[in-house]
Asks: 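Provided herewith is a single structure, encoded as structure tokens, for subsequent inquiry.
Hydrogens, waters and symmetry mates play no part in the numbers below; they use all other heavy atoms, side chains included.
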Amino acid sequence: MPHTLDATAVRAWCAGALDALGSARETIDAINVYPVADADTGTNLYLTVESAAQAVEAAGVGTPTLPEAVGAMAHGALLGARGNSGTILAQLLRGLAAELAAGGELRGALDSAARLARQAVAHPVEGTILTVAAAAADAAARVEGDDAAVVRAACAGARAALARTPGQLPPLAQRGVVDAGGYGLVTVLDALLVALTGEHPHQRPADRSEAPPQEQPHPGPAADACPPAAGGPASPAFEVIYLLDATETAVARLRDRLDALGDSLVIVGGDELWHVHVHADDAGAAIEAGIEAGRPHRVRITHLAPPPGATEPARRAVVAVVPGEGLAALCAQAGATTVTMHPEEPPGSGELLAAVRRAHAREVVLLLGGPGLRHPAAAAAEQARAEEVRVAIIPTRSPVQALAALAVHEPERRFDETVVAMTSAAGATRYAEVTVAEARSWTTQGVCEAGDVLGLIDGDVALIGTDLTAAAVAVIDRMLAAGGELVTLVLGQGAPDGLAERLQERVRGAHLGVDTAVYTGRQPAPLLIGVE
């Protein structure tokens, strides 16, 4: 194991941190109690590190230097930062990367990271991830030795600070937990120690009963790293997040504007690319402030509080998570509350929980129209159940399976029977996708080049072609060779004119007795196919 941080160790650190946060995600989500107990801190940290790890992997072509590796890590975290703690973690990684890229030592980089993160928070308070970061930096500064020795000290200092957080924040003491963001940072630092030395630290404390005895500092304000603005509401209605292209001068003005609008304000970044996070009652005003400052993009708004004057909850609702505005509109027409997925920005558990709350029902079927959402959906369901909402999750591999499940939903049927029927309908639907390769890669059908048309059946590449319509015809013929009564076609971005008509004609002429249904989904893949 290398005892000095280099590009290889950075790559191993990111991979290890992602794996460790994946294992700890549910625990961290469960102890997330403030500023909003929306059970998504672990998921947000996981998604932030996932983006960082992907950026480091992408930078791994050739032999990257340490500055290139840490720079990619910081940039990836900035682009993919989620939630309050994820945004602060992105700034910590940015401070670390800047110092290391300038030739500084790791102990100085940890100090720079802690200071930069604290400066990014509008109203820093002790007992949070900021406190844990500062303690890690202080402990590292007091030791001599190589990078491994520095990280050992940082991990020990962070873990001791984490155990003290209940004595600094009353909401933590009331629930008997440590700070969720701080817990996540300890997990990330422990992964760095593993990457450098192979040493696996002791189990981290998740609640006060597991924490070692520590001196308890005097209690601080009942807040997270970003407490409510003075005189403002205890819990603003919306979490607003966006990336912003703007100058540093414009961001300084934006910080003042947003600080007056809400709380939990964190703005991180630099070099005219910023990540903005704020909780506010007026989400529109928060976005308008960003427009005045520069160019906001990747805007995400999550409802944090139930709408005022809420009526008696309905008996049953379906929340459908699907890609593409067309698919979302289709599901909404069928009576579902919808969440639209974007390829590079899967919804976190906070967004899914907000949708469950928005559905306002005693029983909710959470219908996942694609893979990769199991962890955030489980966290959202756990929190919803704590709010006495009965939730069942139906995972699918494709949106066409979600459509099939939604088609058999009967609100008057018993909940268990409904879940079984919808699960069976999804499982009985074979699915396919016709898409265009973005880069050269190996497949089960050989090598494909960028621009080739790929036909995937049940997730595996079944054919490689050059014409999208011809590939779609071939895929449908292969699927119907095993039988079927209904072919569902969902047209996405890049679907050629006349594609639906050509495929309907093919089904009528070559497969007697098979019906077709055509929808406009506007999802990234040009065509989704379902056969029932």
Asks: Are side-chain heavy atoms of Leu503 and Leu527 found at a separation under 4.5 Å?
Replies: yes
Asks: We want to know whether Thr41 and Asn32 form a side-chain donor-acceptor pair, criterion being a heavy-atom distance below 3.5 angstrom.
Replies: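 Their side chains do contain a donor-acceptor pair, which is all the 3.5 Å distance test asks for.
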Asks: Please check: side-chain N/O of Thr48 versus main-chain N/O of Arg82, any donor-acceptor pairing under 3.5 Å?
Replies: yes
Asks: For atom CZ of Arg374, decide whether the heavy atoms of other residues, nucleotides or ligands shown that lie under 6.0 angstrom number more than 12.
Replies: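 It does not: Arg374 CZ has 12 such atoms or fewer within range.
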Asks: Which heavy-atom pair separates Ile287 from Tyr242 by the least distance, and what is that distance?
Replies: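 Heavy atoms of Ile287 and Tyr242 come nearest at CA-CE2, 4.2 Å.
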Asks: Is Trp274 reaching over with its side chain to a backbone N or O of Ala246, donor-acceptor style, under 3.5 angstrom?
Replies: yes
Asks: Could you check whether Arg25 pairs with Asp29 (Lys NZ or Arg NE/NH1/NH2 to Asp/Glu carboxylate O, under 4.0 Å)?
Replies: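 So Arg25 pairs with Asp29 through a salt bridge.
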Asks: So which heavy atom on Leu244 is nearest to which on His297, and how close?
Replies: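 Answer, listing the atom of Leu244 first, then His297: N-NE2, 4.4 Å.
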Asks: If I take atom CG from residue Leu456 and atom CD from residue Glu433, how far apart are they, to the nearest 0.5 angstrom?
Replies: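 Going from CG on Leu456 over to CD on Glu433, the span is 5.5 Å.
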Asks: Taking the side chain as everything from C-beta on, heavy atoms only, tell me whether Glu387 gets closer than 4.5 Å to Arg357.
Replies: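 With C-beta onward as the side chain, the pair touches.
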Asks: Go through the steps for Leu18 and Tyr46 under the test side chain to side chain contact (heavy atoms under 4.5 Å, CB included), then give the verdict.
Replies: CA-CA 6 Å; Leu18 186 62; Tyr46 177 87; 3.4 Å; yes
Asks: Compare every heavy atom of Ala402 with every heavy atom of Leu367, then report the nearest pair and how far apart it is.
Replies: CD2-O, 3.3 Å
Asks: Take atom CZ of Arg413 as the centre, draw a 6.0 Å sphere, and report whether it contains more than 12 heavy atoms from other residues, nucleotides or ligands.
Replies: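 Enclosed.
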Asks: Using atom types as modelled and distance alone, determine if a side-chain donor or acceptor of Glu57 lies under 3.5 Å from a backbone N or O of Ala53.
Replies: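 Judged by distance alone, no pair lies under 3.5 Å.
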Asks: Applying side chain to side chain contact (heavy atoms under 4.5 Å, CB included), name anything that partners His409, two or more places apart in sequence or on another chain.
Replies: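 Arg316, Val318, Pro411, Thr418, Met422.
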Asks: So which atom in Cys14 and which in Val49 form the shortest heavy-atom distance, rounded to 0.1 Å?
Replies: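 That would be O-CG1, 4.0 Å.
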Asks: Measuring only between side-chain heavy atoms, which start at C-beta, is Leu330 closer than 4.5 Å to Val490?
Replies: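 A side-chain contact is absent here, since even the closest heavy-atom pair is not under 4.5 Å.
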Asks: What's the separation between atom CG in Leu327 and atom OG1 in Thr340, rounded to the nearest 0.5 Å?
Replies: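 Those atoms lie 9.0 Å apart.
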Asks: Within the structure provided, determine whether Leu403 and Cys331 are in side-chain contact (heavy-atom separation under 4.5 Å).
Replies: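 Counting from C-beta outward, Leu403 and Cys331 do come under 4.5 Å.
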Asks: Charged N to carboxylate O under 4.0 angstrom, Arg506 versus Asp477?
Replies: yes
Asks: With rounding to the nearest 0.5 Å, note down the distance linking CG in Leu499 to OG1 in Thr469.
Replies: 5.0 Å
Asks: Mind checking the CG-CE spacing from Leu78 to Met73? Nearest 0.5 Å is all I need.
Replies: 12.5 Å
Asks: Do His123 and Asp263 have side-chain atoms, one donor and one acceptor, less than 3.5 Å apart?
Replies: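 No - no donor-acceptor pair under 3.5 Å links their side chains.
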Asks: Under 4.5 Å between any side-chain heavy atoms of Thr43 and His375, yes or no?
Replies: no
Asks: Would you please test Gln523 and Glu325 for side chain to side chain contact (heavy atoms under 4.5 Å, CB included) and show each step?
Replies: CA-CA 7 Å; Gln523 74 281 351; Glu325 292 79 2; over 6 Å; no
Asks: Take Asp416 and Arg390 through the salt bridge (charged side-chain N to carboxylate O under 4.0 Å, His left out) test and state the conclusion after the steps.
Replies: CA-CA 11 Å; Asp416 292 341; Arg390 190 178 185 188; 2.8 Å; yes
Asks: Kindly indicate whether the side chain of Leu368, heavy atoms from C-beta on, has any atom under 4.5 Å from the side chain of Ile394.
Replies: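 Side-chain contact under 4.5 Å: no.
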Asks: More than 12 foreign heavy atoms under 6.0 Å from CD of Glu438: is that the case here?
Replies: no
Asks: Look at the side chain of Thr429 and the backbone N and O of Ala425, then say whether any donor-acceptor pair between them is shorter than 3.5 Å.
Replies: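 Yes; at least one donor-acceptor contact below 3.5 Å.
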Asks: In sequence, state the C-alpha distance, the side-chain angles, and the governing distance for Val420 and Ser424, and then conclude on side chain to side chain contact (heavy atoms under 4.5 Å, CB included).
Replies: CA-CA 6 Å; Val420 170; Ser424 298; 4.1 Å; yes
Asks: Working to the nearest 0.5 angstrom, can you tell me the gap between Glu505 CD and Thr516 OG1?
Replies: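 Separation between the atoms: 11.5 Å.
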Asks: May I ask you to check whether over 12 heavy atoms, not counting those of Gln493, lie within 6.0 Å of atom CD?
Replies: yes
Asks: State which residues pass ring-ring contact (aromatic ring centres under 6.0 Å, His included) with His277; sequence neighbours excluded, sorted by chain then number.
Replies: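 For His277 the ring-ring contact (aromatic ring centres under 6.0 Å, His included) partners, ignoring immediate neighbours, are His279.
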Asks: Kindly give the heavy-atom pair with the smallest separation between Val531 and Gly483, and that separation in Å.
Replies: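 Looking at all heavy atoms of both residues, the shortest contact is CG1-O, 3.9 Å.
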Asks: Is any side-chain heavy atom of Thr165 closer than 4.5 Å to a side-chain heavy atom of Thr128?
Replies: no
Asks: Nearest 0.5 Å please: distance from the CD atom of Gln91 over to the CD1 atom of Ile129.
Replies: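 Reported to 0.5 Å precision, the distance equals 11.5 Å.
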Asks: Should Val434 and Leu454 be marked as a side chain to side chain contact (heavy atoms under 4.5 Å, CB included) after you check the CA-CA gap, both sets of side-chain angles, and the distance that decides it?
Replies: CA-CA 6 Å; Val434 181; Leu454 304 180; over 6 Å; no
Asks: Between Asp515 and Arg508, is the closest basic N to carboxylate O distance under 4.0 Å?
Replies: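 Here Arg508 does not pair with Asp515 in a salt bridge, since their nearest N and O are not under 4.0 Å apart.
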Asks: For Val177 and Pro166, which heavy atoms make the closest approach, and how far apart are they?
Replies: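 Closest approach of Val177 to Pro166, heavy atoms only: O-CG, 3.3 Å.
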Asks: Is Arg257 reaching over with its side chain to a backbone N or O of Ala293, donor-acceptor style, under 3.5 angstrom?
Replies: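 Such a contact is absent between Arg257 side chain and Ala293 backbone.
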Asks: Heavy atoms, side chains only, cut-off 4.5 Å: are Tyr183 and Thr27 in contact?
Replies: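 With C-beta onward as the side chain, the pair touches.
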